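Structure first, commentary second.
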Amino acid sequence: MNTLKKTLSLDPDNWNDLRALGHRMVDDMFDYLQQIGEQPAWKAPTDDVKAHLAQPLPLEGQPAEAVYAEFLRYILPYNNGNIHPRFFSWVQTTGTPLGMLASGMTPNVTIGDHAAMYVDKQVIDWCKALMNFPENASGMLVSGATMANLTSLLVARHTADRDRIRRYGVRGTDRPLVLYASAETHSCVQKAVEVMGLGSEALRKVPVNASYQLDDTALQSMIEADLAAGLHPFCVVGNAGTVNTGAIDPLDAIADLCQQYNLWFHVDGAFGALAKLVPAYAHSLAAIERADSVAFDLHKWLSMPYEVGCALIRNADLHRDAFAMTPTYLARHERGLAGGPDSLSNYGIELSRGFKALKVWMSFKTFGVDRLGAVIAQNIEQAQYLAQRINDEPQLELLAPAPMNIVCYRFNPRDGRDTDALNALNKEILMRLHEQGIATPSYTLLGGRYAIRVAHVNHRTQLADLDILVEGSIRIGGELIR
Ligand SMILES: *Cc1c(COP(=O)(O)O)cnc(C)c1O
């Protein structure tokens with residue numbers, strides 16, 4: 001007898017059951033997002049949670065409903081909290097409810113003639129328009145500004161010695177390559193320089209002024225000194241919004257020096273480049289339009305759900321030159337699925353890529369860039385309000401200028417405590433702000449002084465949320481010194 005065995009598949013036996021569960025998931029997620037402000041800003045994962053998430057590899061499956069119940073109990077309530085109106089840590093997105101479709105389609109957005117490739121291209125074209133880059137520039141959606149900086153710097157490195165780098169690597173260059181960035185530059189740039197095989201010493205850290213902006217006179221002297229020493233300066237990284245304080249480097253002066261010395265001008269604009277959408281910042285960010293490349297995130301100030309960042313390269317040929325590689329199994333055909341656009345593997349490190357572009361496409365179309373820009377303007381206004389409130393409170397002290405959306409402050413009772421004591425006090429205040437679920441600012445050291453740091457890219461925040469943070473800081477500080 002023919003005992004035909006049922007084919008194994010990972011699809012459900014009963015689509016209706018799974019559909020019902022799916023509807024519940026969507027409903028639960030919308031309830032969660034709608035009511036998040038009523039929850040504490042942070043809740044520590046309990047020991048029970050940690051134990052539950054340290055179990056042996058499951059060999060047998062269980063019903064999806066049961067797994068979902070565990071998700072609701074052990075995972076969802078202990079979220080990072082970056083979706084909360086009083087989340088101000090690092091520089092993290094607040095997300096929007098529109099990012100939930102791409103995994104259902106799950107196309108590989110690298111190669112082939114299918115819609116996702118054109119959505120990706122559409123989004124890159126919109127990114128060029130945002131940054132006022134020429135239409136014939138190229139670009140790549142990547143996981144974030146870290147990868148966008150690396151991608152851009154790889155093109156810069158390739159361009160520095162086009163005939164040799166790809167073949168012989170950095171040991172094939174006749175003069176050692178060096179590049180420049182301010183001392184306030186994000187650590188991912190140093191990581192990129194290390195990954196590229198240049199070594200961290202190749203990254204020259206240019207001093208900053210009192211406003212944490214790169215000192216362009218010092219930059220020029222450093223370039224001259226390196227040239228005199230027989231090195232090969234090839235690139236300067238300018239900041240459009242530093243991670244610590246939101247400082248914007250003198251981008252025009254950097255662009256001038258890059259022109260004079262024939263250096264690649266790259267801008268790390270992870271969040272700050274998006275302030276281009278706010279008229280008051282258009283002038284100080286205009287020189288992004290002179291850059292050879294710019295890196296920025298869509299998952300910071302454009303509120304996209306993780307992950308998505310963008311690298312734009314002015315010269316598409318140089319971009320392709322730095323990465324292109326076409327094995328037989330990736331060759332493009334005239335027609336059929338293997339027709340379509342140039343494989344995106346020719347423009348970056350990755351081969352397989354997810355459909356990051358869909359959430360961006362949906363968000364841009366749904367909200368419109370005017371509204372996204374208005375949120376950015378609102379965040380800057382709110383940050384300025386916070387800075388003013390801190391200035392008005394005798395027990396609080398601003399620790400750096402707040403030129404944009406980052407506010408660094410500390411509690412200072414001005415009772416003769418030295419720096420170490422104030423640092424310890426403010427670190428304790430920060431941890432208690434988190435533990436009490438009040439708000440989640442982050443932290444940094446500025447000139448050795450511990451700063452509570454509000455990096456504000458949160459579209460859910462109201463002014464009252466900032467008042468709660470100010471009052472919480474003063475109350476906890478007062479309790480600690482009593
Ligand atoms: C966040 C940030 C980065 C790194 O971006 P990721 O998206 O986290 O990889 C780089 N530079 C600056 C200025 C940043 O704020």
Side-chain angles (χ1 to χ4, degrees), residues 82 86-94 130-132 145 149 181-186 188-189 208-214 237-254 267-289 291 294-303 309 369 371-391 397-410 441-444 446 451-461 463 465-466 469-470:
N82 48 305
R86 290 190 298 280
F87 180 92
F88 309 116
S89 265
W90 302 293
V91 189
Q92 296 191 358
T93 190
T94 318
L130 280 179
M131 292 299 139
N132 219 356
N149 279 310
S182 92
E184 287 290 303
T185 301
H186 194 279
C188 74
V189 170
V208 293
N209 63 21
S211 299
Y212 296 95
Q213 299 164 303
L214 176 140
V237 179
N239 285 293
T242 56
V243 58
N244 273 336
T245 70
I248 300 171
D249 284 337
L251 300 176
D252 250 318
I254 295 175
V267 173
D268 179 5
F271 60 92
L274 277 312
K276 262 178 103 41
L277 296 175
V278 181
Y281 291 79
H283 177 70
S284 58
L285 295 171
I288 292 177
E289 295 159 28
V294 57
F296 61 97
D297 271 317
L298 294 101
H299 65 210
K300 281 180 178 168
W301 229 348
L302 289 175
S303 297
V369 168
R371 176 133 166 233
L372 294 168
V375 167
I376 292 173
Q378 172 176 288
N379 284 158
I380 295 173
E381 274 169 37
Q382 290 174 327
Q384 298 309 309
Y385 167 85
L386 175 65
Q388 189 56 49
R389 279 233 44 195
I390 288 163
N391 257 330
E397 178 184 14
L398 278 180
L399 288 184
M404 205 157 31
N405 62 327
I406 299 197
V407 181
C408 292
Y409 70 97
R410 69 178 173 184
S442 59
Y443 45 86
T444 192
L446 293 170
I452 299 174
R453 171 177 163 276
V454 170
H456 189 31
V457 294
N458 191 324
H459 65 81
R460 294 202 176 98
T461 304
L463 291 181
D465 291 307
L466 298 168
L469 170 66
V470 168

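Just so it is clear, the structure is predicted and the values come from calculations on it, not from any experiment. Count residues from 1 along the sequence.
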Between [atom1] of [X] and [atom2] of [Y], what distance do you get to the nearest 0.5 Å?
{"X": "N405", "Y": "L386", "atom1": "CG", "atom2": "CG", "answer": "11.5 Å"}
{"X": "S211", "Y": "I248", "atom1": "OG", "atom2": "CD1", "answer": "11.5 Å"}
{"X": "I452", "Y": "S442", "atom1": "CD1", "atom2": "OG", "answer": "10.0 Å"}
{"X": "D249", "Y": "T242", "atom1": "CG", "atom2": "OG1", "answer": "7.5 Å"}
{"X": "L466", "Y": "R389", "atom1": "CG", "atom2": "CZ", "answer": "9.0 Å"}
{"X": "R371", "Y": "I376", "atom1": "CZ", "atom2": "CD1", "answer": "13.0 Å"}

Over all heavy atoms of both residues, which pair between [X] and [Y] is shortest? Give the atoms and the distance, please.
{"X": "M131", "Y": "L274", "result": "CE-CD1, 4.1 Å"}
{"X": "L446", "Y": "L399", "result": "CD1-O, 4.0 Å"}
{"X": "L398", "Y": "A387", "result": "CD1-O, 4.0 Å"}
{"X": "L130", "Y": "L277", "result": "CD2-CD2, 3.7 Å"}
{"X": "A273", "Y": "I288", "result": "CB-CD1, 3.9 Å"}
{"X": "M404", "Y": "G241", "result": "CE-CA, 3.8 Å"}

Walk me through it: do Y409 and E397 pass the test side-chain contact (heavy atoms from CB on, under 4.5 Å)? CA-CA 5 Å; Y409 70 97; E397 178 184 14; over 6 Å; no
Does D268 use its side chain to pair, donor to acceptor, with the backbone of A240 at less than 3.5 Å?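 Not at all, since once roles are kept as given, no pair shorter than 3.5 Å links the two residues.
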The test is side-chain contact (heavy atoms from CB on, under 4.5 Å); show your working for R86 and D465 and say whether it passes. CA-CA 6 Å; R86 290 190 298 280; D465 291 307; 2.8 Å; yes
Y212 and side-chain contact (heavy atoms from CB on, under 4.5 Å): which partner among S182, P403, P401?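 Looking at S182, P403, P401, the match for Y212 under the side-chain contact (heavy atoms from CB on, under 4.5 Å) is P401.
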Please identify each residue that fulfils side chain to side chain contact (heavy atoms under 4.5 Å, CB included) with E381, with sequence neighbours left out.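 Expected list: none.
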Would [X] and [Y] count as having a side-chain donor-acceptor pair, cut-off 3.5 Å?
{"X": "E184", "Y": "N244", "answer": "yes"}
{"X": "T444", "Y": "R453", "answer": "no"}
{"X": "T93", "Y": "N82", "answer": "no"}

Given the rule in the side-chain contact (heavy atoms from CB on, under 4.5 Å) test, do V454 and I406 qualify, once you have shown the distances and angles that lead to the verdict? CA-CA 6 Å; V454 170; I406 299 197; over 6 Å; no
With side-chain contact (heavy atoms from CB on, under 4.5 Å) as the criterion, how do L214 and N239 come out once you've worked through the C-alpha distance, each side chain's angles and the decisive distance to 0.1 Å? CA-CA 8 Å; L214 176 140; N239 285 293; over 6 Å; no
According to ring-ring contact (aromatic ring centres under 6.0 Å, His included), who are the partners of F88, at least two apart in sequence or on a separate chain?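 H456.
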